[in-house]
Protein chains: 2
Amino acid sequence: MLPAVGRVTLAEVARRAGVSQTTASFVLAGRREEMRISAQVEARVRQAARETGYRPNVVSRSLRTGTTQTIGFLSDTVATTPFAGHLIWGALDAAREHEHLLLIGETEGDPELEKELVEAMRDRQVEGIVFASMYTRWVSVPKGLLDGPSVLLNALPTRPCPIAAVVPDELEAGRAAARVLLRSGHTSGIYVVGVGARPGQVPKGVVAAVERLAGIREVLSGAGVELAGGALLRDWQPQAGYVAALGLLKRKPEPRAFICFNDRLSVGTYQALQDTGRKVGKDVSVVSFDDEPVASWLRPQLTSLAIPHYELGRKAVEVLLSKPGPVPEGTVHRIPMPLRERESICPVEATRKHPLAGWRGPRGPLRG
Amino acid sequence: MLPAVGRVTLAEVARRAGVSQTTASFVLAGRREEMRISAQVEARVRQAARETGYRPNVVSRSLRTGTTQTIGFLSDTVATTPFAGHLIWGALDAAREHEHLLLIGETEGDPELEKELVEAMRDRQVEGIVFASMYTRWVSVPKGLLDGPSVLLNALPTRPCPIAAVVPDELEAGRAAARVLLRSGHTSGIYVVGVGARPGQVPKGVVAAVERLAGIREVLSGAGVELAGGALLRDWQPQAGYVAALGLLKRKPEPRAFICFNDRLSVGTYQALQDTGRKVGKDVSVVSFDDEPVASWLRPQLTSLAIPHYELGRKAVEVLLSKPGPVPEGTVHRIPMPLRERESICPVEATRKHPLAGWRGPRGPLRG
DNA sequence: TCCGGAAGCTAATCCGATTTAGCTCGGGAG
DNA sequence: CTCCCGAGCTAAATCGGATTAGCTTCCGGA
């Protein structure tokens, strides 16, 4: 290994090996046979490269070949949604398998910034751009995104666009949530938390809300069951869930099951149930969406439909790197949302007969 | 705007403006005066650039100038620590202020991969590399990292190294945690969860554990107070905290305060307290570290010392971009950890007199 | 009338690879 | 004794800018 005063260049390697730069280039590109270069020369070049610790300058290569082995990953917020990091993780893994790195940027939803960052990435000659949203929603495709290869991740275009999209299969997840309840015998007193019971009673622009609700309603009505009610909420945080659940608990028919539209709403719902002396998984069922870590911290552990962040990220990069040209408008790849079955569902017989059966105050040995 | 068959080059702009490429270059670089180029020519060039939608090819520029306006951000895991995303966020913001983008990679702690990714980044001529850990720990500096500018983020080098480090001020945070308890009158029955009560009784390699404990002990003993005990845990998850807290609750002196070494342990501790009929903030105090979102979801809300992820990320990039040369060994930038005071601390008088005072079963109107 | 110098541009080189288009040499065919 | 061909390499162009080193004009002063 020689001193690293600047980096060793191909010319330097060639000189050491006593060949032309051309020859060195061909050897190191593995094109020896094709270029009819002798094995001895190959050996000399390789040795020189090894001895000098030669590494090709990717910038220079990129200029000539036009390929940077770099993908842009542009998202609205890396930060605020905790496990959205898995989106990046999946993308990173897929990228690495193709020997690519990820250039990232965060737009904070600002169209000006979106445009700026798309340009900054294209200026760096990225091979393509993944435009990601941290929760599934409709987005207006930023200016300039379509000037080169790109994919929407966890997002759908507001208007038809020649761009592929990768999203979780929210519709099927909604169906699965409903099936879980039907399977354990629930036929009435089923409430949704986060959206209203009717189609259209959803927070604006949230794909997940629309599709989950549609899936739920489809399966339930297929079994002749109707949602008993719901609470449309803008802010899907624990506090809002708590208040909404308390409200729903006063309604008729008495709630037997809650379908919470994310785990944070479930946290609030759990608190409401606990405060009103009900036991989750015994008196009332809770099914949730997202499967954030908190889902398995709760007691009893929460049954939830996971957002497959990692797979979403992977898929986006794979689509990007495989795609030869512009795709037919409206190409959407849907990734299944796995059901994580845990302890928050009760068989409905128990529920029916004794709403507060099993309630003997808080559990535990030291009970006062 | 012309059709984007390939990109418009500077040569094209120059031709349109009827000047040489040199002139166009100087104008667009804002060096008109310096190069004594007339205002008319400047106007022509600028107009041509505007009309063609010219954007400089950063790859080409980089090759000539050696500056890529890109920083490498290499971390062990982007994914598993939810709010570590804020590290990236801060880095991203600081980078953007300097017109840089971030090239990211994830090493999963694999030294082979670390080396590979450091090289992949250097091959792309990054201006510097931020080597980040998602929780504060000692790391062995990966091979090749010191070949160019670099900073450790949320990590300290195991052996002395000419590299700067940016970490949260865990020692001072430990002190703050102890002060919170002293201030509200706690002088006995203080237990730590996650580490033992003695120095050295900490999970291996975790800086946070060592320094927090040192800070706690320093302030307590300054007030003539000793830790009553603790529970050294490898796995700082809710379940482990739950078990540990249940165990500590059987010890003498009876626990009046828990210092949990992260919020997940606090989640478990809350559950243990609830299961044993104690009320957090009334019977027992809990102070925590990290301030993950769950801290404010808990009831009562948890007092916690926040990890300033955003500021850490920012600082790392700023240090990287400002640093002219190799730094003196052991340069460490410590970022304060803000105390988020919430509802989990009780004034000690109440605690003293009536350990289970205020316990009337679960709160709420519907109690059975 | 000649010269120096500034004003206003441009030709040419460089960055470090990849790639096209040869060039040289030796041997067998004619 | 040429000519041709293939084996084995290399010279030179190229990618798209940044930068150095001039090269013309024109004007004023001697």
Side-chain angles (χ1 to χ4, degrees), chain A residues 4-46 48-49 52-70 122-127, chain B residues 4-46 48-49 52-69 120 122-127:
Chain A
V5 183
R7 286 168 64 110
V8 177
T9 68
L10 184 58
E12 167 74 20
V13 171
R15 181 143 28 82
R16 273 200 147 223
V19 299
S20 72
Q21 185 176 326
T22 310
T23 301
S25 177
F26 282 130
V27 165
L28 295 177
R31 300 176 60 185
R32 177 178 75 81
E33 306 243 319
E34 178 189 342
M35 288 297 129
R36 289 172 276 178
I37 289 163
S38 69
Q40 293 96 315
V41 167
E42 157 156 44
R44 286 217 310 280
V45 171
R46 291 204 180 280
T52 53
Y54 170 73
R55 302 226 90 217
N57 179 328
V58 173
V59 170
S60 152
R61 171 182 297 168
S62 299
L63 179 57
R64 180 67 229 254
T65 63
T67 153
T68 53
Q69 314 247 94
T70 303
R122 296 258 188 250
D123 290 349
R124 285 169 174 75
Q125 309 289 106
V126 294
E127 315 269 330
Chain B
V5 184
R7 285 167 64 109
V8 176
T9 69
L10 184 57
E12 167 75 19
V13 172
R15 182 145 27 84
R16 274 199 148 223
V19 299
S20 73
Q21 187 176 326
T22 311
T23 300
S25 178
F26 282 128
V27 165
L28 296 177
R31 300 175 61 185
R32 176 178 76 82
E33 306 242 319
E34 178 189 344
M35 288 296 130
R36 290 173 274 176
I37 289 162
S38 69
Q40 293 95 317
V41 167
E42 157 155 44
R44 286 217 310 279
V45 170
R46 291 205 180 280
T52 54
Y54 170 73
R55 303 225 90 217
N57 179 328
V58 174
V59 171
S60 153
R61 172 183 296 169
S62 299
L63 180 58
R64 180 67 228 255
T65 63
T67 154
T68 53
Q69 315 246 89
R122 296 259 188 250
D123 290 350
R124 285 169 175 75
Q125 310 287 104
V126 293
E127 314 270 328

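In what follows, every heavy atom counts, from backbone to side chain, and hydrogens, waters and symmetry copies are set aside.
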What is the nucleic acid contact for [X], judged by heavy atoms within less than 4.0 Å: base, sugar-phosphate only, or nothing?
| X | answer |
| --- | --- |
| A:Ser38 | sugar-phosphate |
| B:Val19 | sugar-phosphate |
| A:Thr22 | base |
| A:Thr23 | base |
| B:Arg32 | nothing |
| B:Val41 | sugar-phosphate |

Nearest whole angstrom, please: distance from the [atom2] of [N] to the [atom1] of [X].
| X | N | atom1 | atom2 | result |
| --- | --- | --- | --- | --- |
| A:Gln21 | C:dT20 | CD | C1' | 15 Å |
| B:Met35 | D:dA18 | CE | P | 13 Å |
| B:Arg44 | C:dT10 | CZ | P | 9 Å |
| A:Glu12 | C:dG16 | CD | P | 12 Å |
| A:Leu10 | C:dT19 | CG | C1' | 13 Å |
| A:Leu63 | D:dG16 | CG | P | 7 Å |
| B:Arg124 | C:dC15 | CZ | P | 23 Å |
| B:Arg31 | C:dC9 | CZ | P | 16 Å |

So does B:Ile37 get a backbone contact from the side chain of B:Arg32, meaning a donor-acceptor N/O pair under 3.5 Å? yes
Sub-3.5 Å donor-acceptor pair from the side chain of A:Arg124 to the main-chain atoms of B:Val59, do we have one? no
Taking atom types as modelled, find out whether A:Glu12 and A:Thr52 have a side-chain donor-acceptor pair closer than 3.5 angstrom. no
Side chains of A:Thr22 and A:Ser25: any donor to acceptor distance under 3.5 Å? no
According to a strict under-4.0 Å criterion, is [X] in side-chain N/O contact with OP1 or OP2 of [N]?
| X | N | result |
| --- | --- | --- |
| B:Thr9 | D:dG16 | no |
| A:Ser62 | C:dA17 | no |
| B:Ser60 | D:dG17 | no |
| A:Ser25 | C:dA17 | no |
| B:Arg7 | D:dC15 | no |
| B:Arg64 | C:dC14 | no |
| B:Tyr54 | D:dG17 | yes |

Taking the nucleotide of DNA chain C with the nearest heavy atom to each, does A:Ala11 or A:Arg36 sit closer to the 5' end? A:Ala11
Between CG of A:Leu10 and CG of A:Leu28, what distance do you get to the nearest 0.5 Å? 6.5 Å
Does A:Arg16 reach the side chain of A:Arg44, with side-chain heavy atoms less than 4.5 Å apart? no
